[in-house]
Asks: 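Mind looking over this structure? Questions follow.
Remember, it's 1-based here, ligands and their atoms both numbered in the order they're listed. Note: hydrogens, waters and symmetry copies are ignored here, and every other heavy atom, side chains too, is used.
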Amino acid sequence: MFKTVEYIKGKVRLIDQTKLPLEEVYITCDTYKDVARAIKVMQVRGAPAIGVTAAMGIALGVGGITVKNYNKFYEKFSKICDHLSSTRPTAVNLFWAIERIKSIANKNKNKPVEFIKKAIEKEALKIWKEDILINKAMGMYGQKLIKDGDNVLTHCNAGALATAGEYGTALGVVKVAHEKGKRIKVYVDETRPFLQGARLTAWELLKEGIPVMLITDNMAGYLMGKGKIDKIIVGADRIAANGDTANKIGTYSLSILAKEHGIPFYIAAPLSTIDVKIQEGSKIPIEERNPQEVTHLNGKRIAPDGVEVSNPAFDVTPHKYISAIITEKGIITPPFAERIRKLKNST
Ligand code: MRU
């Protein structure tokens, strides 16, 4: 089994997702700046994985702080947190994990700096371990929605590669259903422009021995019209208080197609992906990425030089198109706002 992210002897080790599926290589980040860069260039990606990796990056970063005075320590610590925060704007798990680490520093401000550094490292590892358990719990709840013989469509990669490892969110649901003996086929959108579906999801599912059918993004509607898709399950980068969900670009169109064809449309995401500070989807910051991701394939230009390019990495699916949100504490069905608030408050 591959390891998405690990903390080994004060360093962060990642499977380089930009090289998959052609090469299975690992990179070691020696500094927090290396970690930030790996997140930015998407050597590690996927909302929960970004959060876990950033937490480890902070642990690595504070390891290099030598001052003994708390205020001086906090100044350097804040700089590390800010640097990691600036990598990707949409996935709230990044900010959630950084806030969690900050609260450890604040809680222990009267303790020696060496103690705080250890406590931060411990918390980062706790976030990592918890994420694996959360994904399994999500899978256990979510698999109840899957029937034997279902054809499930997914978009982007919401598997082990997008989380701390092992299960994943949307793919966690599929994997647990498969473990329970349900025969499922997964239709995987290639997910232009970064091809997380073709490169990562197809690779993960093949490794798990789960039947997979790769399609290009524009084939999804045709297949739905032909009755080939029973369910759609995707992950999320940020869910607003009313259930509106930001996920990989293309998710919104899928949700409308699903509605038109009467196909259930599920989001699988940990509670840490729900940002109750944001009331509705239009307020979620959407990352605009390098135009080269659109104009080039594998480093080779495919569009004319000088063409204007738009490359939003995410879109927002209005909650009215979502049938249910699968979390580690249970499945939330509409009306979302009240139920989300209750579940978030219960944790
Ligand atoms: O740009 P990416 O690859 O980080 O985007 C990832 C997604 O959109 C995933 O669907 C989302 O983070 C959920 S991952 C469990």
Side-chain angles (χ1 to χ4, degrees), residues 4-5 14-18 20 38-54 87-97 131-132 134-139 142 153-175 186 188-205 217 232-239 245-255 265-275 281 284-290 293-294 311-317 322 325-328:
T4 305
V5 51
L14 303 165
I15 188 163
D16 185 346
Q17 298 193 31
T18 61
L20 288 171
I39 294 174
K40 214 174 168 68
V41 303
M42 290 166 70
Q43 285 172 310
V44 61
R45 29 69 47 207
I50 294 171
V52 168
T53 308
T87 50
R88 299 196 68 192
T90 306
V92 75
N93 308 62
L94 171 67
F95 309 101
W96 169 87
D131 190 60
I132 292 172
I134 282 170
N135 291 324
K136 191 162 183 192
M138 211 184 298
L153 177 87
T154 192
H155 190 65
C156 194
N157 172 268
L161 286 167
T163 62
E166 294 190 25
Y167 280 87
T169 59
L171 287 196
V173 171
V174 164
K175 286 179 193 175
V186 185
V188 176
D189 278 352
E190 66 172 352
T191 318
R192 277 282 288 153
F194 210 69
L195 303 175
Q196 289 94 331
R199 296 189 302 105
L200 310 176
T201 302
W203 180 78
E204 255 196 77
L205 289 170
D217 301 342
I232 299 176
I233 311 181
V234 297
D237 285 83
R238 196 184 296 225
I239 302 174
T245 296
N247 190 49
K248 181 51 55 194
I249 191 79
T251 305
Y252 170 49
S253 341
L254 280 180
S255 74
F265 185 89
Y266 301 121
I267 302 285
L271 289 173
S272 56
T273 303
I274 303 179
D275 184 358
I284 298 175
I286 299 294
E287 176 182 12
E288 182 74 29
R289 290 189 62 86
N290 193 328
E293 288 177 359
V294 177
N311 187 15
F314 303 96
D315 57 27
V316 175
T317 298
I322 299 170
I325 301 172
I326 303 158
T327 77
E328 72 273 29

Asks: Show me, by chain and number, every protein residue that has a heavy-atom distance under 4.0 Å to ligand 1.
Replies: M42, R45, G46, A47, P48, R88, C156, N157, A158, A162, T169, Q196, G235, A236, D237, N247, K248, F314
Asks: Counting distance only, does the side-chain N/O of T169 pair as donor-acceptor with the main-chain N or O of G235 below 3.5 Å?
Replies: no
Asks: Answer with yes or no whether the side chains of E204 and N157 bring together a donor and an acceptor at under 3.5 Å.
Replies: yes
Asks: Between the side chain of T53 and the main-chain N/O of A49, is any donor-acceptor distance below 3.5 Å?
Replies: yes
Asks: Report yes or no: do T18 and D16 form a side-chain donor-acceptor pair below 3.5 Å?
Replies: yes
Asks: Examine the side chains of Q196 and R45 and answer whether a donor and an acceptor come within less than 3.5 Å of each other.
Replies: no
Asks: Is any NZ, NE, NH1 or NH2 atom of the basic residue among D275 and R238 found under 4.0 Å from an Asp or Glu carboxylate oxygen of the other?
Replies: yes
